[in-house]
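Okay, so here's the structure we're looking at.
As the structure lists them, so they are numbered: ligands from 1, and atoms in each ligand from 1.
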Amino acid sequence: MAEIKLTDLTKSYGPTEVLHHVEGEIKDGEFIVIVGPSGCGKSTLLRMVAGLETVTSGEIAIAGRRVNELEPSKRDIAMVFQNYALYPHMSVRENMAYGLKIRKLSKAEINQRVEEAADILEIRQYLDRKPRQLSGGQRQRVAMGRAIVRDPQVFLFDEPLSNLDAKLRVQMRLEIRKLQQRLGVTSIYVTHDQVEAMTLGDRLMVLNGGYVEQFGTPIELYDRP
Ligand code: ADP
Ligand code: ADP
């Protein structure tokens, strides 16, 4: 668990600045949703926190440590993507265990973490299946399982539900929220869907054209007279 601080964060691709002087403090255990129209810079911001994009200027600190100076592999972050990014040739169990094997955890520890996560996500009966033998919702649970087993300080979600049908999207939204509350892990969730943002977020960071327009609770942002 960790607080995250964004200070005067700017991102340019070549001559084009796509994020301008982003500021924000995210509290330990908070669930923040970054919301805004396509192209406003949501993914870029999330990817910078993940260490998948360089920072042009400014600073990102997680638990007081400047992350733009840390190797991505040293950042204690797990990301869940919309396309699941599961390995098709591996079973669910192998998919969930993979990142832990690389970190050289013992077999017993890996099995314990995988089975605990599988119980939380109710996918224990699918552990020996391949991703193609699962529904979209089940695959998304596996993708979350892979993030949970890492026991990270921070979860990052990049439009994780946008490939699911509307009904499943609503159901998984509630599940993600419950899961995050149960685990208490500081989370940043990117979506272009305002309803999703309001349902999920403790606070919403509203981005537009690379600027932070608003940053507050759903009530502060939408219930003003
Ligand atoms: P969002 O996630 O809100 O849709 P992005 O962060 O993907 O927005 O993109 C923000 C802006 O940066 C857009 O104008 C996009 O075209 C541009 N952009 C994103 N990635 C790159 C890249 N690798 N090279 C150049 N421009 C990019
Ligand atoms: P390690 O556990 O040593 O980071 P991994 O193979 O799990 O090794 O990860 C390799 C790289 O990919 C690291 O930069 C790690 O942060 C990143 N990574 C792996 N899995 C995820 C994930 N679920 N979300 C975000 N980043 C991940």
What protein heavy atom is closest to [atom], reported as residue, atom name and distance in Å?
atom	value
atom 13 (C) of ligand 1	Gly39 O, 3.7 Å
atom 8 (O) of ligand 1	Gly41 N, 3.2 Å
atom 26 (N) of ligand 1	Tyr13 CD1, 3.3 Å
atom 9 (O) of ligand 1	Thr44 OG1, 3.8 Å

- Query: Do Arg66 and Glu59 sit within salt-bridge range, that is, some charged N less than 4.0 Å from a carboxylate O?
  - Reply: yes

- Message: Any salt bridge linking Glu53 with Lys11? Criterion: basic side-chain nitrogen under 4.0 Å from a carboxylate oxygen.
- Response: yes

- Query: Counting only heavy atoms on the protein side, is anything nearer than 4.0 Å to atom 16 (O) of ligand 1?
  - Reply: no

- Message: Could you check whether atom 19 (C) of ligand 1 has a protein contact, counting only heavy atoms that fall below 4.0 angstrom?
- Response: yes

- Message: Is the terminal nitrogen or CZ of Arg203 (NZ for Lys, CZ for Arg) located under 6.0 angstrom from the six-membered ring centre of Phe215 and within 45° of that ring's axis?
- Response: yes

- Members sharing Val18's hydrophobic cluster, built from side-chain contacts under 4.5 Å between Ile, Leu, Val, Met, Phe, Trp and Tyr, are Tyr13

- Contact (N/O only, under 3.5 Å) between Val18 and ligand 1: no

- Item | Ser43-ligand 1 polar pair, N/O distance under 3.5 Å | yes

For [X], take its heavy atoms, then give the atoms of ligand 1 lying under 4.0 Å from any of them.
X	answer
Ser38	4 (O)
Lys42	1 (P), 2 (O), 3 (O), 4 (O), 6 (O), 8 (O)
Pro37	3 (O)

- Flag side-chain contact, heavy atom, 4.5 Å: Leu19 against Met48: yes

- Message: Can you tell me how far apart CE (Met79) and CG (Asp158) are? Round to the nearest 0.5 Å.
- Response: 4.5 Å

- May I ask you to decide if Tyr87's main-chain N or O and Lys130's side chain share a donor-acceptor pair within less than 3.5 Å? no

- Message: Using the rule that Ile, Leu, Val, Met, Phe, Trp and Tyr join whenever any side-chain heavy atoms are under 4.5 Å apart, tell me whether Val170 and Val80 fall into a single cluster.
- Response: no

